[in-house]
Amino acid sequence: MMPNLLSSLAIVALLASCSPTDPPTDRAIRSGRIISGTPSSVALNQSQLSSSQKEKIGRKIWQNESAGTINGLTAWNDGEAFPSLGIGHFIWYPQGQRGPFTESFPRFIAFANLQGKRPPGWTINRPCPWPDRASFMRDFNGPELTGLRKWLAANISIQTDFIIAKSRASLPKMLAIAGSSSDRVQTNYNNLSTTPNGQYALIDYVNFKGEGINPAERYRGQGWGLLQVLQEMRPTGPGQAAAAEFAAASSRVLSRRVANSGGKDQRWLAGWRNRCKTYAQPL
């Protein structure tokens, strides 16, 4: 086989290793190409993103997650059991730690390695070496994290490709559990895919709040992922109208999440709503 075919097959295998019961979540994952079951029209539209549009999407995601700062590429938020790394704030659990959010950083590193981007060797095939935030912050300006930030800042495009691949892989998984709303979900997804900022909305939101297929990601039985936003959207045609409705629907879904959380997520809502507004803005 040719090397590029071997690489493609390996990426598909990496994608297949993520089962519907192990989905991506906030700042979480998927990698690979378009997989069977994705409508060809969507695959075609998304493949038509230009290099400059992809760069803009990557920069917007970086801005959304950490204000576009270099230091924000290696973050460990207060109250969380894991660091959030890269423009997409990919999760990396320490040894023995697990939580409701699916780990994403190791699969991103595998994806980048398959693409010949040579991530730092200490990041490959291992858990996060810092057991807690305090130890992480003590080493923040040490050689490992400084080098990782430098590598991440120099490899924005591969991170963007990883996030785009996650979006492209999301539709069949969502349709598999959408039930009677499957036609609406597919129509809304297709309508969004007709404009660059609609594609940005699909790409960013699934990285931001996941696919919405993980039963652990629920408050009072209601999710907040991409599936729930596509179900929430009111009827529109393709194009900018779909992007504007997605922006409004995502804000409604996240407001519902905060209400269902009993208020514990209230501190994030203003920032979430500001992020949702960007989906209606031309790219």
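Counting from 1, the numbers follow the sequence of the chain as shown.
- Ile61 is not listed as a side-chain neighbour of Thr160, based on a closest heavy-atom distance of 4.5 Å or more.
- Listed for the Ser170 side chain is a donor-acceptor partner under 3.5 Å among the backbone atoms of Ser167.
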Pair Asp183, Gln186 - check side-chain hydrogen bond (donor to acceptor under 3.5 Å, both in side chains), show working.
CA-CA 5 Å; Asp183 286 347; Gln186 184 160 351; over 6 Å; no
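- A distance-only check finds no donor-acceptor pair linking the side chain of Ser182 to the backbone of Ala178 [under 3.5 Å].
- Of the possible donor and acceptor atoms, one in the side chain of Gln228 sits under 3.5 Å from a partner among the backbone N and O of Gly225.
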Quick one, Cys276 with Phe246, criterion side chain to side chain contact (heavy atoms under 4.5 Å, CB included). Give me CA distance, side-chain angles, the key distance, then yes/no.
CA-CA 8 Å; Cys276 293; Phe246 184 91; over 6 Å; no
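- Smallest separation of non-hydrogen atoms from Trp76 and Ala81: CZ2-C, 3.5 Å.
- Residues forming a side-chain hydrogen bond (donor to acceptor under 3.5 Å, both in side chains) with Ser157 (at least two apart in sequence, or on another chain): none.
- At least one donor-acceptor pair under 3.5 Å links the side chain of Gln240 to the backbone N or O of Ala280.
- In this model, a donor atom of one side chain and an acceptor atom of the other lie less than 3.5 Å apart for Ser135 and Asp132.
- Between Asn207 and Lys166 there is a side-chain heavy-atom pair separated by less than 4.5 Å.
- Under the side-chain hydrogen bond (donor to acceptor under 3.5 Å, both in side chains) criterion, Thr146 pairs with Arg149, sequence neighbours left out.
- Residues Tyr93 and Pro127 are not in side-chain contact: their nearest non-hydrogen atoms beyond the backbone lie 4.5 Å or more apart.
- Note: Asp161 CG to Ile203 CD1 = 10.0 Å, rounded to the nearest 0.5 Å.
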After noting the C-alpha distance and the side-chain angles of Arg98 and Glu103, does the key distance pass the salt bridge (Lys or Arg N to Asp or Glu O under 4.0 Å) rule?
CA-CA 8 Å; Arg98 281 296 177 269; Glu103 191 172 54; 3.8 Å; yes
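- Using a 4.5 Å cut-off on side-chain heavy atoms (C-beta onward), Tyr205 and Val253 make contact.
- Taking the six-membered ring wherever Trp is involved, the centroid distance between the rings of Phe111 and Phe108 does not fall below 6.0 Å.
- Leu145 places a side-chain heavy atom less than 4.5 Å from the side chain of Trp130.
- A distance of 13.0 Å separates CD1 of Ile163 from CZ of Phe208, quoted to the nearest 0.5 Å.
- Under a 3.5 Å cut-off, the side chain of Gln159 and the backbone N or O of Asn155 do form a donor-acceptor pair.
- Residues Glu245 and Arg252 are paired through a salt bridge, judged by an N-O separation under 4.0 Å between the basic side chain and the carboxylate.
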Dump the intermediate steps for side chain to side chain contact (heavy atoms under 4.5 Å, CB included) on Phe140 and Met137, then the final yes or no.
CA-CA 5 Å; Phe140 192 81; Met137 295 308 297; 4.3 Å; yes
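- Arg133 and Asp78 are joined by a salt bridge, as a carboxylate oxygen and a charged side-chain nitrogen come within less than 4.0 angstrom of each other.
- Nearest heavy-atom pair, Ile87 versus Gly58, reported as atom, atom and distance to 0.1 Å: CD1-O, 3.8 Å.
- For Glu65 and Arg275, the salt-bridge test passes: some basic side-chain N is under 4.0 Å from an acidic carboxylate O.
- Contact record, Glu144 with Trp122: O-CZ2, 3.3 Å, taken as the closest heavy-atom pair.
- The backbone N or O of Ile91 sits less than 3.5 Å from a side-chain atom of Ser104, completing a donor-acceptor pair.
- Between Trp92 and Phe82, the distance from one ring center to the other does not fall under 6.0 angstrom.
- Rounded to the nearest 0.5 angstrom, Leu175 CG and Leu227 CG are separated by 8.5 Å.
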Could you walk me through whether Tyr279 and Leu192 pass the side chain to side chain contact (heavy atoms under 4.5 Å, CB included) check?
CA-CA 10 Å; Tyr279 302 145; Leu192 281 160; over 6 Å; no
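- Contact check for Leu226 versus Lys209: no side-chain heavy atoms found under the 4.5 Å cut-off.
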Between Trp62 and Ile70, does a side chain to side chain contact (heavy atoms under 4.5 Å, CB included) hold up when you go through it step by step?
CA-CA 10 Å; Trp62 188 3; Ile70 299 294; 3.9 Å; yes
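- In this structure, Thr69 contributes its side chain and Ser66 its backbone to a donor-acceptor pair below 3.5 Å.
- Under the side-chain contact (heavy atoms from CB on, under 4.5 Å) test applied with Ser261, the options Trp268, Trp224, Tyr219 reduce to a single match, Tyr219.
- Within the cation-pi definition used here (under 6.0 Å to the ring centroid, within 45° of the axis), Lys56 does not qualify as a partner of Tyr200.
- Note that CD1 of Ile57 and NZ of Lys60 are 9.0 Å apart. Values are rounded to the nearest 0.5 Å.
- No side-chain heavy atom of Thr74 sits less than 4.5 Å from a side-chain heavy atom of Pro83.
- Side-chain contact check for Arg107 versus Phe90: every heavy-atom pair is 4.5 Å or farther apart.
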Could you go through Ser255 and Arg273, starting from their C-alpha distance and side-chain angles, then the distance that decides it, and tell me whether this counts as side-chain hydrogen bond (donor to acceptor under 3.5 Å, both in side chains)?
CA-CA 8 Å; Ser255 296; Arg273 284 175 171 167; 2.9 Å; yes
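- In this structure a side-chain-to-backbone donor-acceptor pair under 3.5 Å is present from Arg218 to Asn214.
- With no hydrogens or angles considered, a side-chain donor-acceptor pair links Ser181 and Gln231 at under 3.5 Å.
- Looking at His89, its side chain does come within 3.5 Å of a backbone N or O of Gly72 through a donor-acceptor pair.
- Here the shortest heavy-atom pairing between Ile156 and Leu152 reads CD1-O, 3.5 Å.
- Taken to the nearest 0.5 Å, the CD atom of Glu211 stands 9.0 Å off from the CD1 atom of Ile177.
- Scanning both residues, Gln53 and Pro196, for their nearest heavy atoms gives NE2-CG, 3.4 Å.
- When every heavy atom of Asn191 is checked against every heavy atom of Thr236, the shortest pair comes out as ND2-O, 3.3 Å.
- The CG atom of Leu171 sits 9.0 Å away from atom CG of Leu202, with the distance rounded to the nearest 0.5 Å.
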